[in-house]
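First comes the structure, then the notes that go with it.
Quantities reported herein were computed from a predicted structural model and do not represent experimental measurements. Atoms considered below: every heavy atom in the structure, side chains included; atoms not considered: hydrogens, waters and symmetry mates.
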Amino acid sequence: MRNTIDPSYTTIGMLFEKNFLFEVPKYQRYYSWEDEQVDDFIKDVKGIYLHDTPENTIEHFFGGIVAVEKRIPGSNRQQRELIDGQQRITTTLLLIIALIRKYEKLKDVSNGTLIDNRINKLRQKYLRYDDEINREPITVQKLVLSKADKQYFEDLIEARECTERRDSHRRINRAFKKLEKFVAGIIDAEATVDAKIDALAKIENIVHNNCTIIFIDSKTRESAYKLFQVLNDRGAGLTEGDLLKSKTLEVLEKHFSIKQSTVQDAWDEILQDEPKQIEHFLRYYYASACGSRVGRTSLYDDFLKQFFPDIVDVDDVSDEATATKIVDTVNQILREIRTYRKLIAGIWPYEVGQPLTDWDRKRLDILIRFLDFDIVYPLLLAAVQLKQKTFADLVHMLEKFMFRHKSVCNLGHQKLSELYMQEAVKIRRDPENYRLTGLRTTLKEYIETECTDAVFKVGLSNLKYRTNGGNKPLRYLFSTLNEHIEWYRNGAVGAPAPQKGTVINYDNVTIEHIASQSPSAAVPGFTSENIHTLSNLTLLTNGENDRAKNKSYTAKKAIYHDSEYVINKYFDSVDDWSVESAKAWEQYLQEMVCKVFVV
C-alpha cells in the first residue's frame, strides 16, 4: 500500500472547498442511516453550536472518509469513488440543503442580495461543480449517490417533487425532515431576521471549521478496501461480505446485467444475517475449502484471491467464461451458508429417513449447541457431501473425542483445528471415495499420546458441579454413560453400543448430589471440597431431584431404584454412603468413561 494513499486530517467543509467530487458506486449499499444515527449526528452538531466560542473552540471528530481516485476522460476534476463514509457525507449535505431551504424562507427585499449570495456559495461549495469536458461546459453534482438513490437525492437538492420508491428513499426523507426540524428549532428561537441569518451562518461555519474527519485518499481500490477493513468508526460501513458483493457486482456491471442480477439475488440471501455471523461463516467456509485459516485482518483480500482470482485486479469482466464462474461461485457460497445455518442451529442437514434414528440425528445438536464445539464447522461444512450414514458416524466420533480431549482433559486445539481443515479439503476433493478411517486413526493417536486414560481420569476427578452454572459437561457425561450402561454391564464387548430407543431430553437432566448439599444431618467425610466432585454425583430427572432434595441416602435409595435413568441401579447394592463408597463409585464411573469415550 506504499505511496497509494494520502491521509489527511481536515474538516468536511474544507474537504468540499477543495472541490473533491464524490460518487457512490451503484453496487454499494444504499443510504442506510436510521433515526438513531441521524439523531447522534444532530446531537453532535448542536453540541458544537451551543458551546463553541472564539475563546473555546470545540471540534468533533466524525470518523474516516475513504475514497479512491477515479479518472474522468477529458476532465481534470478531482473525482473520487466513495468507499466508506457515504452516510456521513450524505447526511452533511442534507443539512446543507436544510440551511438553503431556511435561507430561502428568510429572503425578502431588504436581504435578498445577501441571501442569494450565501445560497450560491453553499451550492457551489457543497452541491454543484462547473466543469468542462472537451470544451463543453457542464454542471455536475458534488455528491452522486448509488443508482437507486441518485435521482431521488438530485430531486431533493433541486427542490423538485420527490417520489419515494424504496426504503432508502424513505430513510433519506426522514433524515432530511429531522435536519430541517433541527435547523428550524435553532433559527426560530431568534427574535430578528438578522439574528436568524447569523444563526444559519454559524451552523454553516460549524460544518466548515468544527466537523473534523480523517480523509483517506487512495490511488487504488484495493488499497482503499484494505484500509476500510481496519477502519473502525461509528458509521454504518460495509462488512467484508458487503465488499465481496460489491466487487462481484462491479465487474459484471458493463457487460452482464442478467448475471449481475442473479448474483445480486444470491448475495441478498447470503447477507441476510447479522454481520458477525456472516464474518464467521466466511472464515469457516474459507478454512473448509482451503485447509487453512484466513488472516485476522485480511478476510476480504484472502477470500477474493481464493474464490474470485480472475477479478482481483480488474474493474470489469468482458468474457462469458469468467462471468459464468462468478455466478457459479456465488451460488456455491449461497449453498454453503444455507448448510451453515442448519449446522449452527443443530438441524440435521439431510432429509430425515432410514437407516438413522432420532438418536443419531440428535448428536449434531449435542455437538454444536449443547457442547458448543465450533472448531468442527469447517469439517462439517464439507462433510455434508458424504453419505448420510458416514456424516452421522463422523458427528458421533467428533462428539465423543472433543468431549474427552477438550471438555475433560482441557487440551489445546490448534493441531485439531488444522487437522479438521485438512480433512475438509480431502472430503471436498473426492467425497465419493472419502473414508473416515484416516481421521479415526489420527484421533486414536491423540488419545494414546495426549488424552490418555490416565490424563482422562485426572480430568474427570477435576470435574465439579457448579452451583451457579448449567453444568453441561456433567449432564452430558452422565447421560452418555446412562445410554451405554447395558453395553458396559454386559462386558463392554466390541465398539461402544448405546441404547438408541430413547432420546434423552437434556432439559430434563439434573445433577444429583448423593450426599446432599444441605442435609438435615451432616454426612461424615463430605466437605465443601468433595461434595461437588464426580464421586458424589449422579443424574436424575427434574421431578426425581425434587423428591430427593436434602434427604438422607437411605431415603433416596428408593428414588434411585425407580429412576428413569438405569445407571442408578448401581446403588441397589450400596447400603450406605460414605467417603469409601463414593471413591468406589468414582472408580466405577472412570473405568466406564474410558471404555465409552473412544473412537
Side-chain angles (χ1 to χ4, degrees), residues 284 287-288 291 343-344 346 356 359-384 386 389-427 434-463 472-484 487-488 492 494-498 500 504 506 534 589-599:
Y284 290 136
S288 180
L343 292 176
I344 64 176
L356 300 181
W359 185 94
D360 294 307
R361 289 183 282 271
K362 181 68 174 177
R363 309 333 293 170
L364 178 64
D365 185 63
I366 293 168
L367 174 68
I368 297 300
R369 294 185 351 120
F370 195 78
L371 297 177
D372 195 24
F373 291 131
D374 56 3
I375 186 178
V376 302
Y377 283 140
L379 179 53
L380 295 184
L381 275 171
V384 295
L386 303 173
K389 179 63 167 60
T390 306
F391 181 84
D393 290 342
L394 171 63
V395 168
H396 193 203
M397 180 171 68
L398 292 173
E399 169 201 333
K400 293 196 295 182
F401 177 80
M402 290 301 300
F403 180 77
R404 178 170 183 148
H405 189 274
K406 181 60 181 175
S407 298
V408 177
C409 296
N410 197 29
L411 298 173
H413 57 244
Q414 176 70 24
K415 291 191 296 183
L416 280 180
S417 177
E418 294 173 357
L419 172 65
Y420 294 159
M421 290 187 290
Q422 292 161 8
E423 288 296 312
V425 172
K426 292 179 184 178
I427 293 172
Y434 179 83
R435 300 292 181 268
L436 291 178
T437 309
L439 177 59
R440 192 184 303 275
T441 299
T442 303
L443 296 183
K444 283 182 178 179
E445 292 173 356
Y446 277 114
I447 290 176
E448 292 169 359
T449 58
E450 295 186 5
C451 46
T452 63
D453 285 356
V455 175
F456 198 15
K457 289 178 180 179
V458 171
L460 290 168
S461 297
N462 291 330
L463 279 181
K472 285 185 176 183
L474 287 169
R475 290 159 60 198
Y476 168 75
L477 173 64
F478 279 106
S479 299
T480 303
L481 295 181
N482 185 75
E483 292 169 333
H484 289 81
W487 168 81
Y488 185 70
K500 298 183 178 181
I504 292 179
Y506 280 73
L534 190 68
L589 291 174
Q590 288 182 341
E591 293 300 326
M592 180 166 35
V593 165
C594 289
K595 296 286 187 181
V596 170
F597 285 89
V598 296
V599 297

Worksheet item: Looking at Asp453 and Lys457, does any basic side-chain N land under 4.0 Å from a carboxylate oxygen?
Response: no
Is there a side-chain contact between [X] and [Y] in this structure, where contact means two heavy atoms from C-beta onward sitting under 4.5 Å apart?
X      : Y      : result
Met402 : Ile375 : yes
Phe456 : Cys409 : yes
Leu534 : Leu474 : yes
Leu589 : Leu460 : no
Lys472 : Ser407 : no
Pro473 : Phe403 : yes

Looking at [X] and [Y], what are the two nearest heavy atoms and their distance?
X      : Y      : answer
Phe391 : Ala383 : CD1-O, 3.5 Å
Ile504 : Ser479 : CD1-O, 3.6 Å
Leu356 : Lys389 : CD2-CD, 3.7 Å
Tyr420 : Val376 : CE1-CG1, 4.0 Å
Val599 : Arg440 : O-NH1, 2.7 Å
Val425 : Gly291 : CG2-N, 3.3 Å

Practice prompt. Before giving the answer on side-chain contact (heavy atoms from CB on, under 4.5 Å), spell out for Val395 and Asp360 the whole-Å C-alpha distance, their side-chain angles and the decisive distance to 0.1 Å.
Written response: CA-CA 9 Å; Val395 168; Asp360 294 307; over 6 Å; no
Could you measure the distance from the [atom1] atom of [X] to the [atom2] atom of [Y]? Nearest 0.5 Å is fine.
X      : Y      : atom1 : atom2 : result
Asp374 : Leu343 : CG    : CG    : 12.5 Å
Tyr434 : Leu394 : OH    : CG    : 6.5 Å
Leu416 : Lys406 : CG    : NZ    : 9.5 Å
Leu439 : Asp393 : CG    : CG    : 12.0 Å
Glu399 : Thr480 : CD    : OG1   : 6.0 Å
His405 : Lys415 : NE2   : NZ    : 7.0 Å

Worksheet item: Does a donor on one side chain sit under 3.5 Å from an acceptor on the other, for Glu591 and Tyr488?
Response: no
Item to complete: Would you check if there is a donor-acceptor pair between the side chains of Gln414 and Glu418 at a distance under 3.5 Å?
Response: yes
Keeping [X] on the side-chain end and [Y] on the backbone end, is there a donor-acceptor pair under 3.5 Å?
X      : Y      : value
Arg369 : Gly346 : no
Arg404 : Cys451 : yes
Asn462 : Val458 : yes
Thr449 : Glu445 : yes

Item to complete: Go through the steps for Val455 and Val408 under the test side-chain contact (heavy atoms from CB on, under 4.5 Å), then give the verdict.
Response: CA-CA 9 Å; Val455 175; Val408 177; over 6 Å; no
Worksheet item: So with a 6.0 Å cut-off around NZ of Lys400, is the heavy-atom count from everything else above 12?
Response: yes
Discussion item. Checking His413 against Phe373 for the side-chain contact (heavy atoms from CB on, under 4.5 Å) test, could you report, in this order, the C-alpha distance in whole Å, the side-chain angles of both residues, the deciding distance, and whether it holds?
Written reply: CA-CA 11 Å; His413 57 244; Phe373 291 131; over 6 Å; no
Item to complete: Decide side-chain contact (heavy atoms from CB on, under 4.5 Å) for Ile447 and Phe597; before the verdict, give the C-alpha distance in whole Å, the side-chain angles of both, and the deciding distance to 0.1 Å.
Response: CA-CA 10 Å; Ile447 290 176; Phe597 285 89; over 6 Å; no
Worksheet item: Quick one: are the ring centres of Tyr476 and Phe370 less than 6.0 Å apart?
Response: no
